[in-house]
Amino acid sequence: MVHITEDMVRRRAEHNECQISSLEEVSLHQQDIERIEHIGRWCRELRILYLQNNLIPRIENLGRLKKLEYLNLALNNIEVIENLEGCESLQKLDLTVNFVGRLSSVDSLRTNLHLTELYLVGNPCAEFEGYRQYVVASLPQLQLLDGTEITRSERIRASQGLEEARRKVWEQEREYLKRRAREKEEAQREREGNKERKPGCDGRCYTDINNPASESEEDQENQEVRSPELDEEQREREFWHTPCSYTPESRLEAHRHLEEQRRAREKLDFSLTEDEENNMVVLDLAVYRHMDTSLIDVDVQPSYARVCVKGKIFQIVLPAEVRPDSSTAQRSQTTGHLVLSMPRAEGEIKATKTVTRPASKSRRSSSSEEKTRNNPVPQRLEVDPTAHTAVDLANIVPKHQSAKHSPLEATTTAPPTSGWSEGFVDDPDVPPLM
């Protein structure tokens with residue numbers, strides 16, 4: 001069900017700088033609207049309102065439009081003329097091709113003193129005997145009825161025979177209302193799936209009366225192997241060729257059937273396969289055969305593929321990682337399908353092992369350094385006690401000499417037995433030892 005929204009009205013107010021409070025004219029035709037709402041509160045200054053070719057079943061919520069002069073409700077599902085007393089400035093009312101069968105409801109327009117044009121052609125009430133005479137006599141302010149001017153002599157004759165025309169109209173109206181009640185009951189049963197069908201002598205439904213009493217086995221086999229496409233075509237043919245009365249219910253059903261078809265066409269069939277032989281993923285998208293390729297936009301990513309068809313997005317997650325730079329998109333010359341060929345990626349990038357060569361010492365050291373650097377576990381250094389390159393300060397004093405004295409005793413070194421005083425020079429600047 002389509003509702004009248006503020007955004008819908010504002011988009012149609014471009015000539016008024018998208019301001020709806022001061023809007024004087026708005027066109028909401030062919031929007032599949034099923035109810036009149038909000039306009040009386042949003043657009044108080046409205047003078048012209050177009051609502052033709054919708055699915056509106058009732059005139060309502062227009063009483064606040066005091067300045068409304070022209071109301072177009074042609075090609076809707078309206079059955080009664082009502083709720084227009086508040087439209088004080090109404091001059092023209094168009095109800096062409098609706099379902100107004102209660103002709104006496106035109107009496108509600110007597111308070112619309114400025115109403116000069118009324119269109120009821122295509123309604124059931126227009127087939128009533130005495131229709132024009134009744135309307136002309138009931139609405140003395142009218143000047144045009146169904147596009148034909150009302151002359152003074154016609155108005156006088158209509159006024160003189162009003163009682164007889166009213167009696168005939170009421171009788172036909174009662175018969176029409178009874179018929180409408182039966183049609184509503186049948187439509188309700190059909191919607192619930194419990195519509196009774198008249199069976200033939202062989203137990204078949206009435207739709208099979210013209211068929212032979214018995215079918216051959218070959219015909220039964222042909223029906224079993226019939227493709228779904230043929231079944232769909234058969235159902236479509238039966239829907240449009242089955243006779244039915246023209247009622248608001250049948251019109252609404254036809255509209256919903258067309259809407260379902262439109263939505264079904266918007267859904268694109270596709271198939272996603274993995275070509276193991278060529279190591280690629282193939283997406284077959286059933287776009288329309290005669291669609292221009294410029295209306296298709298393709299975007300392939302490593303994990304998904306996106307196709308934009310006439311502004312509508314189709315997106316699918318791929319079963320494996322692919323290479324977008326090597327993918328291709330082609331249109332089939334026979335079916336028009338879009339075929340995406342996406343080569344699979346070789347896999348994740350892994351670090352290559354370093355090959356050590358014993359002939360080169362520098363290569364061995366660099367390889368060990370790389371392993372140490374790439375290893376997340378902390379490494380500890382090991383020192384070879386035999387490979388000292390610096391002076392060992394801890395062993396300056398021999399351990400066997402330091403063990404003979406206590407820590408507080410001074411040690412003296414015995415002078416050599418011979419040659420100690422040879423070459424000795426006493427320096428006067430050096431103080432003597434105490």
Side-chain angles (χ1 to χ4, degrees), residues 1-4 28-37 51-62 72-83 94-106 108 119-129 131 169-200 203-211 231-265:
M1 179 176 179
V2 178
H3 296 272
I4 298 177
L28 298 173
H29 64 283
Q30 296 181 349
Q31 297 297 315
D32 300 334
I33 298 171
E34 298 186 23
R35 186 182 178 187
I36 303 175
E37 53 188 351
L51 287 170
Q52 69 269 26
N53 203 358
N54 284 293
L55 302 170
I56 300 171
R58 186 182 178 189
I59 303 174
E60 57 185 344
N61 300 323
L62 296 176
N72 192 334
L73 285 167
L75 292 168
N76 278 281
N77 294 342
I78 296 171
E79 298 188 63
V80 180
I81 303 174
E82 58 184 346
N83 300 325
D94 193 347
L95 293 171
T96 302
V97 191
N98 275 271
F99 297 92
V100 178
R102 190 175 298 176
L103 186 56
S104 58
S105 62
V106 299
S108 64
Y119 293 86
L120 290 172
V121 63
N123 287 270
C125 65
E127 304 297 329
F128 290 177
E129 183 181 354
Y131 149 74
V169 166
W170 286 356
E171 290 178 359
Q172 297 172 85
E173 190 175 287
R174 283 194 295 269
E175 293 296 328
Y176 172 79
L177 294 178
K178 291 179 181 179
R179 186 169 67 253
R180 279 292 298 135
R182 291 194 298 267
E183 291 173 352
K184 290 180 180 179
E185 291 178 0
E186 291 177 1
Q188 182 67 23
R189 287 197 300 266
E190 187 174 357
R191 282 196 300 268
E192 294 174 356
N194 298 324
K195 183 177 180 179
E196 298 179 0
R197 297 182 181 274
K198 182 179 179 181
R204 298 180 182 178
C205 295
Y206 70 93
T207 53
D208 297 332
I209 290 176
N210 296 327
N211 290 344
D231 291 340
E232 183 66 26
E233 293 179 0
Q234 181 67 21
R235 287 194 296 267
E236 187 72 13
R237 192 180 302 108
E238 289 178 357
F239 179 84
W240 292 112
H241 288 81
T242 301
C244 66
S245 57
Y246 184 62
T247 61
E249 292 79 17
S250 63
R251 184 171 183 263
L252 188 60
E253 183 182 0
H255 168 76
R256 289 173 178 171
H257 181 78
L258 292 174
E259 186 68 16
E260 291 177 359
Q261 284 187 329
R262 184 183 64 82
R263 292 178 180 176
R265 287 194 298 267

Taking only residues two or more places apart in sequence or in another chain, which ones pass side chain to side chain contact (heavy atoms under 4.5 Å, CB included) with [X]?
X      : answer
Arg58  : Glu60, Glu82, Asn83
Ala74  : Gln52, Asn72, Asp94, Thr96
Glu175 : Lys178

Quick one: list whatever passes salt bridge (charged side-chain N to carboxylate O under 4.0 Å, His left out) with [X], sequence neighbours left out.
X      : value
Glu173 : none
Arg179 : none
Glu129 : Lys168
Arg102 : none

Who are the side-chain hydrogen bond (donor to acceptor under 3.5 Å, both in side chains) partners of [X], not counting sequence neighbours?
X      : value
Gln31  : Arg12
Ser108 : none
Glu34  : none
Gln172 : none

Residues which pass ring-ring contact (aromatic ring centres under 6.0 Å, His included) with Phe99, listed by chain and number, not counting sequence neighbours: Tyr246
